[in-house]
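This report refers to the structure that appears directly beneath it.
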Protein chains: 2
Amino acid sequence: MSLTSSESTAVTTATLPPPGTPDIEIARAVQPQSILLLAQQRLGLAADSLIPFGHYKAKLDTRHVGPVDPASFGRLVLVTAITPTPAGEGKTTTSVGLNDGFNQLGVRSSVCLREPSLGPCFGMKGGAAGGGRAQVIPMEDINLHFNGDFHAITAAHNLLASILDNHIHWGNEAGLDPRHVYWRRVLDLNDRALRNTIVGLGGSAHGLPRETGFDITVASEIMAILCMADDLTDLRQRLGRIIVGRRHDHTPVTVSDLGVEGALAILLRDALQPNLVQSLEHNPVFIHGGPFANIAHGCNSVMATRYALSLNDVVVTEAGFGADLGAEKFIDIKCRQSGLSPDAVVLVCTVRALKMQGGMRKVDLARPDLAALHEGAANLERHILNLRQFGLTPVVSINRFPTDAEEELIAIQAICRELGVNAVVANHWALGGAGATDLAQAVLDQMAEGSPEVQPLYPDHWTLVEKIETIASRLYHAGDVAFSADARRQLEEYQQLGFGHLPVCIAKTQYSFSADPKLRGAPSGHTLPVREVRLSAGAGFVVAVCGDIMTMPGLPRRPAALDMGLNAEGDVYGLV
Amino acid sequence: MSLTSSESTAVTTATLPPPGTPDIEIARAVQPQSILLLAQQRLGLAADSLIPFGHYKAKLDTRHVGPVDPASFGRLVLVTAITPTPAGEGKTTTSVGLNDGFNQLGVRSSVCLREPSLGPCFGMKGGAAGGGRAQVIPMEDINLHFNGDFHAITAAHNLLASILDNHIHWGNEAGLDPRHVYWRRVLDLNDRALRNTIVGLGGSAHGLPRETGFDITVASEIMAILCMADDLTDLRQRLGRIIVGRRHDHTPVTVSDLGVEGALAILLRDALQPNLVQSLEHNPVFIHGGPFANIAHGCNSVMATRYALSLNDVVVTEAGFGADLGAEKFIDIKCRQSGLSPDAVVLVCTVRALKMQGGMRKVDLARPDLAALHEGAANLERHILNLRQFGLTPVVSINRFPTDAEEELIAIQAICRELGVNAVVANHWALGGAGATDLAQAVLDQMAEGSPEVQPLYPDHWTLVEKIETIASRLYHAGDVAFSADARRQLEEYQQLGFGHLPVCIAKTQYSFSADPKLRGAPSGHTLPVREVRLSAGAGFVVAVCGDIMTMPGLPRRPAALDMGLNAEGDVYGLV
C-alpha cells in the first residue's frame with residue numbers, strides 16, 4: 001500500500017507533464033495517496049469508517065459514522081454554468097480546481113461530484129473526471145464500474161421489471177394494465193436498438209408480449225431516488241412509492257403493491273454509501289450518484305453532500321447543464337427536499353462559449369472577437385439575473401483557455417462589474433489549485449459578507465401548472481407555455497392523485513433558454529411546449545417533457561470503444 | 001478494522017448456533033477476520049498483493065504477485081457428485097467442509113468455488129455459499145454483486161451487442177447478415193419476458209428491427225472465457241475470437257472484425273482478478289467465475305485455481321452438476337486447456353439422493369429403505385466406473401443428513417468397498433471442519449499412494465462427431481447418438497472452419513445419464529439426441545445441445561425477492 005505523505009503534494013504537482021498533455025497521462029503521472037490515510041489525515045475518519053475498494057477508492061461507511069448534525073455543517077458552494085455550447089465550459093474541471101484552490105488557501109474543503117456513465121465513455125467523449133491539472137484520480141476506475149453503484153442500480157431496476165412481468169405472467173393479481181406499464185428496463189450503455197422493443201415473445205411459457213424499451217441507467221428513477229434519499233429507510237420508502245404502471249381503472253400500481261421494495265433496497269445498500277477519491281493534489285473528492293440532468297435533477301447524492309458538509313469547512317458541488325436547468329433543480333428540488341442551501345454560487349463561463357452564444361462558429365473561436373463576446377454576454381447576464389431571483393449573487397469564474405485574448409477576459413470582467421458581480425479568471429486547467437486561488441478567495445470574500453437568503457422559485461402549494469408556468473416565464477423568459485392535451489390531462493390526474501405538492505423537473509434542451517436548441521444568447525417571448533408529463537413519485541418530482549428528450553443515447557459511427565485497450569502492462573489506453 | 005487473531009477459530013466455532021439454525025444466522029454469528037491479515041498469515045501475501053473490497057473481501061492483484069510457477073503447485077482435489085436430485089447433495093458444502101477438514105489436520109489448504117448468480121438468488125433458492133457450519137462469509141456480499149465480476153461481464157457482453165447493432169446501423173461494413181447474429185444480450189436476472197424479443201423498432205433512427213433475446217449472465221461466452229483465460233493477454237485474444245454472427249456467404253464475423261476486444265478487456269480487467277474470502281473457520285476461500293454447467297464448462301476460473309495451487313499444499317475445487325457432466329468437462333475442457341490435473345477426486349453422495357435414484361419419492365426420504373438405496377446405488381457405481389475411465393479412483397463422501405439411518409450409511413460403505421473404493425461419512429454440515437477430518441485424511445491417504453495418471457476421454461485430433469459419440473457411449477452408456485440434420489451440418493461446418501480440434505461441451509439435463517430427466521439410476525441403451533451445435537470459439541469448445549436447455553430462467557409464482565429486505569440495522573433478511 002502506498003502511504004505517500006501529504007507533504008509530497010507540491011512535488012507531484014510541480015513535476016506534472018505540461019498543460020495540453022492528454023488528461024490520462026497527467027493523471028497517471030501522479031501517484032495517488034492511500035485513501036485510508038487521506039481520509040484519516042484530511043477528514044479525521046478512522047479506517048473502520050471507510051469501506052476500501054482497492055487502495056485509492058473507498059466508500060464512507062455511514063452506518064459506522066452515524067447520522068450527521070446540520071449544526072456542524074461547513075459552507076456549501078454551488079458551481080453552475082452559462083448555457084452549454086460545443087465549445088465546452090469546464091464545470092467539473094472548475095469544481096475540482098476550485099476545491100484544490102480552497103485547500104491551497106488552507107481551507108478544509110472537499111468537492112462533491114456526480115459519477116460518470118459507461119455509455120458516453122465508450123461512445124463519444126471518453127472519461128469524465130475533470131481535465132488538465134484539475135482532475136480526479138484514479139481516473140480509469142472512476143470512469144469504469146466505479147465501486148459498482150451504477151451496476152447495482154441497473155440490477156435493482158431490472159429486477160423490478162422482471163418481477164413486474166412475472167407478476168403479469170402468473171395471473172396479474174394487482175390488476176396491472178399491460179398496455180400501461182411505465183417501468184422500462186435500463187442498461188448503462190448507449191444502445192439505440194433497445195429504445196423500442198417487444199418482449200415476452202415465443203409463446204405463453206415466455207410471458208405476455210408487450211411493447212417496452214430500455215433507457216440508460218442514469219435515467220432510471222432509482223438513480224434519482226438514490227441521490228435524494230436521506231438514508232436506507234428513506235431509500236426503501238421512496239422505492240416503495242415508485243409508480244410502475246396503472247390498472248384498467250387508472251389507479252396507479254406502486255412497487256409496494258408488488259412487495260419488492262425490500263429486495264431492491266438490498267441490492268442498493270452498498271451503492272447508497274458515498275464514494276471517496278482524491279484530486280491530483282490529493283484533496284478529498286466525493287463522487288456519488290449521477291442522475292440525468294433533464295428527466296431528473298442532475299446533482300450528486302444528498303448523502304454525499306451532507307457527509308461532506310459535516311467533515312469540512314467548505315464543500316464545492318456542481319449541478320448539471322446550465323444554471324437555468326441545473327441551479328434551478330438544485331434549489332427547487334434538491335435543496336427543497338433535503339433542507340440544504342448554498343452559501344455561494346459560482347457561475348462558470350468561458351470566452352469561447354460566450355462568443356458561440358454571440359453567433360460565432362466553433363471553428364472560428366480561436367480568433368478574438370469582442371463584438372461576438374458582447375453579443376453572447378446576454379446569456380451570462382440572463383443567468384446572473386436568474387440566480388438573483390433565488391437570492392444568490394454569483395461569483396463568475398472565467399475558465400481560461402489557451403486561446404483567450406487578454407482583452408476578452410477584461411471585457412467579461414467589465415460586463416460583470418456593471419452588473420455588480422465579481423468575475424475572476426481561473427486557470428486551474430493549466431496550473432491546478434494554484435490557478436484557482438483567486439477564485440477561491442473571491443468566493444470566501446463574498447461569503448464573509450454574510451449568508452444569502454436563498455428561496456425557491458415557488459412554494460409547494462402552487463399547482464403543477466403554476467409551477468411550470470413560473471419557471472418558464474421567470475427563468476426562460478418564455479411568452480407562453482403550450483401544454484399538449486395529454487400533458488394537461490396528466491397534470492390534472494397527478495393533482496387529483498395528491499401529487500400536486502411536488503416540485504417540477506423540466507426536461508428540455510440544455511442548449512437554449514427556450515426549447516429550441518438553436519436559439520442561443522438570451523431569447524425572450526418564445527413558447528415552451530410541454531409535450532408530456534411523467535410522475536417520479538419515489539424521487540419526488542413531476543417531470544415536464546418539453547420537446548424531444550433521449551433517455552437512451554446511441555453510439556456514433558465510430559465509437560470511442562474502437563480505440564481503447566490495455567497495453568502490455570495492463571494499463572488502459574484510449575480512455576480520454 | 002477487525003484484526004481477530006487466528007487462535008479464535010475454535011472459540012467462534014464452538015459458540016455457533018446449533019445445526020438446523022438458518023444458514024444466514026450461523027453465518028452472522030461468526031465475526032470474519034480481516035481479509036488482509038488472513039491473506040498474510042495463511043497465504044503469505046503482503047497487503048499490496050491484494051485489492052481490498054471492504055474489510056472481508058479482496059481480489060488477488062495478480063499483476064503484483066506475478067506469474068505462477070507450476071513447479072510450486074500443491075495438490076488438486078476435485079469434488080464432484082452423483083447425479084443430482086431434488087433431495088440435494090451438498091457439493092459446495094462438502095468442498096467448504098473438506099477444506100476446513102484439511103486445515104484442521106494442519107494441511108495448508110484453500111478451496112476454489114464458483115460465484116453465485118443474482119438470478120436464482122431472487123428467484124427460488126436464495127444464496128449459494130455452502131450451508132450449516134460449512135459456509136463461506138460474508139455470505140450476503142458473496143450472493144450480492146460480489147466484487148462486481150458478473151456486472152463487468154454483463155457490461156462487456158452488452159457493450160459488444162450495442163457495438164454490433166451500431167455497426168449494422170451505420171452501414172454494416174463487415175457485412176453481417178442481420179438474420180444470423182448469434183450474439184444476444186445478457187442480464188444477471190431471471191426474466192422470462194426477455195428470452196425472445198424484437199429490438200430496433202421505432203423507425204430508422206433507432207436501428208434495424210431484428211429478433212434476438214437475452215440470456216442470464218452466467219450463460220455468456222464471456223463468462224466462460226474469463227474462467228478459461230491464462231491472463232489478461234489471453235483474455236483479450238479469446239475475446240477477439242468470439243464469433244458474433246455470419247456473413248451472407250456463411251463466413252464467421254468475429255469480435256476482432258469489429259475491433260472491440262480492447263474495450264471489452266478494459267471492462268474485464270478487474271473482474272479477471274481472483275476473489276478471496278474465508279470460511280466460517282477462517283480458512284481461505286477463492287470464489288471466482290461462474291460459467292453455466294450445461295452450455296459451458298461449469299468450473300471456477302483457471303486463474304483462481306492456479307494461484308491457489310501456488311499458495312497452498314492442497315487445493316479443493318468443485319465442478320458443476322454430476323460427474324458425468326461436471327467432472328468430464330473439468331478434465332476434458334478445463335484441464336485440457338490449462339494443463340491442470342487433479343491428484344484426487346471426491347465423489348459426493350447422500351443416502352437421500354441414492355434412495356431417490358432408487359425410485360423413492362422426496363416426501364418419503366426420511367424413512368430408511370435399504371432396497372431403494374441398493375437400487376439407487378447403481379448411479380453411484382456408474383459414476384465410480386466413469387471416473388476410473390479418466391484414471392481416477394474417487395473417495396466417496398457420504399454427506400450426512402440428520403435423517404440418515406446408521407445401517408444406510410454402512411450399506412453405502414459396503415457397496416463402495418466391493419468396488420475397491422473408500423467411502424467416508426462426512427458431517428461438516430453439523431460440525432464444520434471437525435466433521436470432515438476423516439474425509440480429508442482418506443483423501444490424503446489415497447494421495448500418499450501416488451499420483452493418478454489422469455487422461456482425457458479423447459484426443460484433440462478426433463472429429464467433433466467422434467468426440468460426442470465417445471462421451472455418449474462410454475460415460476452415458478447411450479446406445480446411439482441421433483444428430484439432427486442441423487447439428488450434423490453445423491458440425492461439418494465447424495470442422496471445415498478449423499475448429500475440429502476443440503473439445504466438446506455437452507449441454508443436457510443434469511438429472512440423468514440420458515437426455516431424459518426422468519430416467520434415474522444408471523440407464524443404458526438410450527439415444528442421445530443432439531438437437532443443435534454452437535461454437536464458443538473464444539472459450540474454446542463446441543457445445544452440443546441435447547434436448548431443451550434454458551439460458552434465461554424464469555421466476556416462480558412467488559419469487560424469493562418478495563420475502564427479502566433490510567432490518568432497522570441495515571442487515572439483510574430473507575436471503576437463505
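Atoms considered below: every heavy atom in the structure, side chains included; atoms not considered: hydrogens, waters and symmetry mates. Numbered from 1 within each chain, the chains take letters A, B, ... in sequence-line order.
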Side-chain heavy-atom pair A/Leu187, B/Leu187 within 4.5 angstrom cut-off: yes
Contact class of A/Pro556 relative to chain B, heavy atoms under 4.5 angstrom: backbone
Per-residue contact mode, B/Asp188 against chain A (heavy atom under 4.5 angstrom): neither
B/Leu144, part contacting chain A, at a heavy-atom distance under 4.5 Å: side chain
Segment of A/Asn147 engaging chain B (4.5 angstrom heavy-atom cut-off): neither
Heavy-atom proximity to chain A below 4.5 Å, by part of B/Leu208: neither
Validation row: B/Ile198, A/Thr197 side chains within 4.5 angstrom (heavy atoms): no
B/Arg210 portion near chain A, given a 4.5 angstrom heavy-atom threshold: neither
Which portion of A/Arg557 sits near chain B, non-hydrogen atoms under 4.5 angstrom: both
Interchain contact, B/His64 with chain A, by part (heavy-atom threshold 4.5 Å): neither
Any side-chain heavy-atom pair of B/Leu566 and A/Ile266 under 4.5 Å: yes
side-chain hydrogen bond (donor to acceptor under 3.5 Å, both in side chains) involving A/Arg184 - partner list, sequence neighbours excluded: A/Asp215
Atom group of A/Leu258 that falls short of 4.5 Å from chain B, counting heavy atoms: backbone
Contacting region of B/Asp571 [heavy-atom separation from chain A under 4.5 Å]: both
Which portion of A/Arg558 sits near chain B, non-hydrogen atoms under 4.5 angstrom: neither
Heavy-atom proximity to chain B below 4.5 Å, by part of A/His169: side chain
Heavy-atom contact with chain A under 4.5 Å, split by part of B/His145: side chain
Part of B/Asp61 within contact of chain A (heavy atom distance under 4.5 Å): neither
Region of A/Phe214 in contact with chain B, defined by heavy-atom distances below 4.5 Å: side chain
Region of A/Leu555 that comes under 4.5 Å of a non-hydrogen atom in chain B: both
Donor-acceptor under 3.5 Å (B/Arg63 side chain, A/Glu569 main chain): yes
Heavy-atom proximity to chain B below 4.5 Å, by part of A/Leu267: both
Nearest heavy atoms of A/Asp48 and B/His55, plus distance in Å: CA-NE2, 4.3 Å
Over all atoms of both residues, closest heavy-atom pair of B/Ala561 and A/Ile163: CB-CD1, 4.0 Å
Whether over 12 other heavy atoms sit under 6.0 Å from A/Asp548 CG: no
